[in-house]
Each structure stands twice: as structure tokens, then as C-alpha cells.
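One structure below.
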Amino acid sequence: MATIGVIAGDGVGPEVVEQGLAVLADVSRLDGKTFDLVSFNLGGERYLKTGEILPESVIADLRKCDAIFLGAVGHPGVAPGILEKGILLKLRFDFHQYVNLRPVKLFPGVETPIRGKGPEEIDMVVVRENNEDLYVGAGGFTYKGTPEEVAIQTSINTRAGVERVIRYAFELARQRGKVKPFRGLSDADKAKGQIGLVTMVAKTNVLTFAHDLWMRTFTEVSADYPDIKTDYNHVDACCMRMVVSPEKYDVIVTTNMFGDIITDLGAVLQGGMGLAASGNLNPLKTAPSMFEPVHGSAPDIAGKGIANPIAALLSVAMLLDHVDAPKGASAIRKAIGTVLAAGKPRTPDLGGTAKTAEVGAAVRAALEKNA
Ligand code: NAD
Ligand code: IPM
Ligand code: MN
């Protein structure tokens, strides 16, 4: 048995979570597990009605879960940051989810806007630091609202925090390389026994304190992984390179802020926000990890029943991997592959006319057929 906390949240959150839970129910038997779902009413509506964002008692209940499945938070009627910081970031920090794992993988049959690139070229994972940097909320105002106003928001980077996420990236590259050596290695690399690549993405040419710490740590940690090749890109160049030569990436490790930005770009490479999944991981399992689509509450399409549920379904697959239900995870990925390769049904973001529920139903039908 595994207890899954469910935060449907705002906007399209509940629409895609509904499909995620239906798929979860269908695959639970594959790993001989039962999932006990506990729903948490959090988000804009609760806040507007009661003023509550994330009560301590709710945090305590969430902490008891084995994993959390989240739709999205963010409400047009609530000032930016209240729900995002108060719920999402609060949970990422409180539960020490220090890795934000964001795969960028193009499924066959899905069109990428990057000309001449296909699933062979677009298959990388971004390991985004998730507990530090500008996201800590260190800073404040003086003379707020006056012409002399000063606003400070500081990037916090600790040796321990940087090291643990970099180590995670190297371990992941090793794991990926053992399954299938990274396609971009030269014969000379292979002769050295290398199987994977970790590219650190930062801005060492400007952030000469914070990212000097990152670079020194990266270099030191890399010595423990002779089987993994290393590379470094400044974040601006990375944005260019992700578009021009995505095949040059295997595992990217980067800061919280840069990871946020480059993974929306990554989402586009893999067919759009409707397809990008993520896991906020506490690798030590001292608190639950949390799985969610990379996209937000999408207020522009909320309530229409046309949000693409696939990002949420892929997030459920990541959740299943985390709670030791790998058969369910691969069954979901395979069923999504079947539906995407068939070319329909597709929601409007992928050029189709289908509803969220039709895509969810098609994935469940494919699950049954593949079984
Ligand atoms: P967004 O990801 O919600 O939307 C960006 C664009 O992508 C929109 O045009 C939207 O229609 C489209 N899109 C997103 N998800 C889609 C889906 N499943 N299917 C089809 N199209 C989809 O980003 P935004 O507009 O910048 O933010 C909206 C709100 O969500 C804000 O309040 C923001 O703070 C919040 N947000 C929350 C999360 C989260 O909870 N993890 C993530 C990002 C943004
Ligand atoms: C994401 C989102 C969040 C982030 C926001 C909503 C706080 O953009 O998960 O990518 O910046 O991490
Ligand atoms: Mn983001």
C-alpha cells in the first residue's frame, strides 16, 4: 500500500489530475500495489474563501504520504506569489525536495518546432536544484513605494546544497549510461570507458561568487565519476544550443532559477507544455517527493476541458517509479507512446480537437490493449 496525497489545485490542475488518477487506478494492480488517495483542498479558491494557504496541520498530513501528486497552483484572482510561494515552494523546501527532475524527451509522432530534429536527438534530463538560489526568498524592501525604494533578492548557494544535486546528476548519468550509453560520445570517450555526459549550466562569467562555488564543486565531484564525461555551458549559450543541437545534451545540472527557465524551453522541444513532466525529489526519502506537470494552472484555457493531460500522466509515471511501482510506470509511458504515435486523439495544443477526457480515455484504452 502506498498513500498518495493529491493536490489538484487551480485552473487546469483538477482537469488533468482527474485523468492522472484514473490512469493510476488502472495500473495499480501491475505492481501488486494499492494506492490510498488522500485529497487536499489547497489553492486559490480555498485562499479566497478562508484566507488559508497551507495550514501546518495540512503539512503534517501531507508529510505522512508516500508521495504527492500535484496539478498546478496559481489563480488570476490572487496576487502572484502567494499561492506559488505559499504552497508549491513551501512544500519543495519543507520536504527537502532538493532535486527537480525534468525529462525532455520527444515521443515518436510528436512534432517538435526544432527543424530536422527527432526523438533520437531530443532525449535529455534537466536536474534542477530545487531548494536554494533566488527561490529561498532572502531579501526585502526598504523605502517601499517611494522613489528611493531598494529591493534586494539574494541567491543563496551552499556547498552542501550544490554538492548533493551535482552528485545526483552524476548518478543519474551513470544510470542512464548503463541502460544505453549516451549517443554523443566520441570513440576516444568510449575508449576511456565513458558512458554518459553531465553538462553544468550556470553563468560563471558573471556570477563569479555563486557559480565559482558551483564550478569548483562540479569539478571535485566529477573526479568520483571517471565514467561520466563533463561539459559546461553558460546559460545563455545553453538556450541557443538546446535549440540548435539538442543532441549534445544527456544530463544537465543547473541552478533553481536557470532550471526553471530552460525547462519551459525544454518543454517546447518535446512538443509543448502539455507534455512536460517533473518530479520534486527528496532522494533521501526523509519526506515525500512531489510529482507535477511543468506547466501551471493555464487560466487562458481553464474550464474548457481542453488541457492536455499527458504531462500529468507522465508525472504519475514518475511518481510510480519513485514508489517502487516500475511496471505501472512503464505501462503508462508505453500507452502514451501508442496514443501519440497514432496521431489522435490530440488536444488543441498538439493541433487536434479532442478534449482532456478523450485523451485520458485513449491512454487507458491503450493500457488495456497493451496488457
Ligand atoms: P502556464 O504553464 O499555466 O501556461 C503557459 C501556456 O501554456 C498557456 O498558454 C497555457 O494555455 C499553455 N498550457 C499550459 N498547460 C497546458 C496543458 N496542459 N495543455 C495545453 N496547454 C497548456 O504558465 P503561466 O500562464 O505563466 O502561469 C499561469 C499560472 O500558473 C500562474 O499563476 C503561475 O504562477 C502558475 N504556475 C504554476 C505552476 C505549478 O503549479 N507548478 C507552474 C507554472 C506556473
Ligand atoms: C515551475 C513553476 C514554479 C517555479 C513557480 C510556479 C513557483 O514555474 O514549477 O516551473 O518557478 O518553480
Ligand atoms: Mn516554471
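All ligand and atom numbering here is 1-based and tracks the order in the structure.
- The salt bridge (Lys or Arg N to Asp or Glu O under 4.0 Å) test with Arg92 is passed by exactly one of Glu84, Glu292, Glu132, Glu129: Glu292.
- The existence of a salt bridge linking Arg167 and Glu163 is confirmed by a sub-4.0 Å separation between a basic side-chain nitrogen and an acidic carboxylate oxygen.
- Ring geometry for Phe170 against Tyr225 counts as parallel: the plane angle stays under 30°, on a 0 to 90° scale with 60° as the upper cut.
- Remark: the backbone N or O of Val294 is not paired with any side-chain donor or acceptor of Ser278 at under 3.5 angstrom.
- A cation-pi contact, defined as under 6.0 Å to the ring centre and within 45° of the axis, is absent between Arg174 and Tyr168.
- Counting only heavy atoms of the protein, atom 11 (O) of ligand 2 lies nearest to Tyr135 OH, 2.6 Å.
- Between Arg183 and Glu120, no side-chain nitrogen of the basic residue sits less than 4.0 Å from a carboxylate oxygen of the acidic one, so the salt-bridge criterion is not met.
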His211 and Phe258: ring-ring contact (aromatic ring centres under 6.0 Å, His included), yes or no, with the steps?
CA-CA 12 Å; His211 294 184; Phe258 293 166; 5.7 Å; yes

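- More than 12 non-hydrogen atoms from other residues, nucleotides or ligands lie less than 6.0 angstrom from CD of Glu52.
- For atom 5 (C) of ligand 2, the nearest protein heavy atom (residue, atom name, distance) is Leu88 CD2, 4.1 Å.
- Judged purely by atom type and a 3.5 angstrom limit, Tyr47 has no side-chain atom pairing as donor or acceptor with the backbone of His75.
- The environment of Lys85 atom NZ is sparse: at most 12 non-hydrogen atoms of other residues, nucleotides or ligands sit within 6.0 angstrom.
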With side chain to side chain donor-acceptor pair (under 3.5 Å) as the criterion, how do Asp123 and Tyr249 come out once you've worked through the C-alpha distance, each side chain's angles and the decisive distance to 0.1 Å?
CA-CA 8 Å; Asp123 181 5; Tyr249 292 111; over 6 Å; no

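- Taking any N or O of Glu292, backbone or side chain, none lies under 3.5 Å from an N or O belonging to ligand 2.
- At distances below 3.5 Å, not a single donor-acceptor pair connects side-chain atoms of Asp61 with backbone N or O atoms of Val58.
- Between the choices Arg92, Glu84, Lys85, the shortest heavy-atom distance to atom 12 (O) of ligand 2 belongs to Arg92.
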Ligand 1 N/O to protein N/O, distances under 3.5 Å:
unit_1	atom_1	unit_2	atom_2	d
ligand 1	2 (O)	Gly296	N	2.7
ligand 1	3 (O)	Gly296	N	3.3
ligand 1	3 (O)	Ser297	N	3.4
ligand 1	3 (O)	Ala298	N	2.8
ligand 1	9 (O)	Asp300	OD2	2.8
ligand 1	11 (O)	Asp300	OD1	2.8
ligand 1	11 (O)	Asp300	OD2	3.0
ligand 1	15 (N)	His295	ND1	3.4
ligand 1	18 (N)	His295	NE2	3.2
ligand 1	18 (N)	Asn308	O	3.0
ligand 1	19 (N)	Asn308	N	2.9
ligand 1	30 (O)	Ser297	N	3.1
ligand 1	30 (O)	Ser297	OG	3.2
ligand 1	32 (O)	Glu84	OE2	3.0
ligand 1	34 (O)	Glu84	OE2	2.5
ligand 1	40 (O)	Val73	N	2.9
ligand 1	41 (N)	Glu292	OE1	2.7

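- Heavy atoms of His295 found under 4.0 angstrom from ligand 2: none, in either backbone or side chain.
- Heavy atoms of Arg102 come nearer than 4.0 angstrom to ligand 2 in at least one pair.
- Of all protein heavy atoms, the one closest to atom 10 (O) of ligand 2 is Asp260 OD1, 2.9 Å.
- For the Mn ion (ligand 3), protein N, O or S atoms under 2.8 Å: 1 in total.
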Output, in order, the C-alpha distance, side-chain angles, deciding distance and verdict of side-chain contact (heavy atoms from CB on, under 4.5 Å) for Asn130 and Phe93.
CA-CA 8 Å; Asn130 212 32; Phe93 280 78; over 6 Å; no

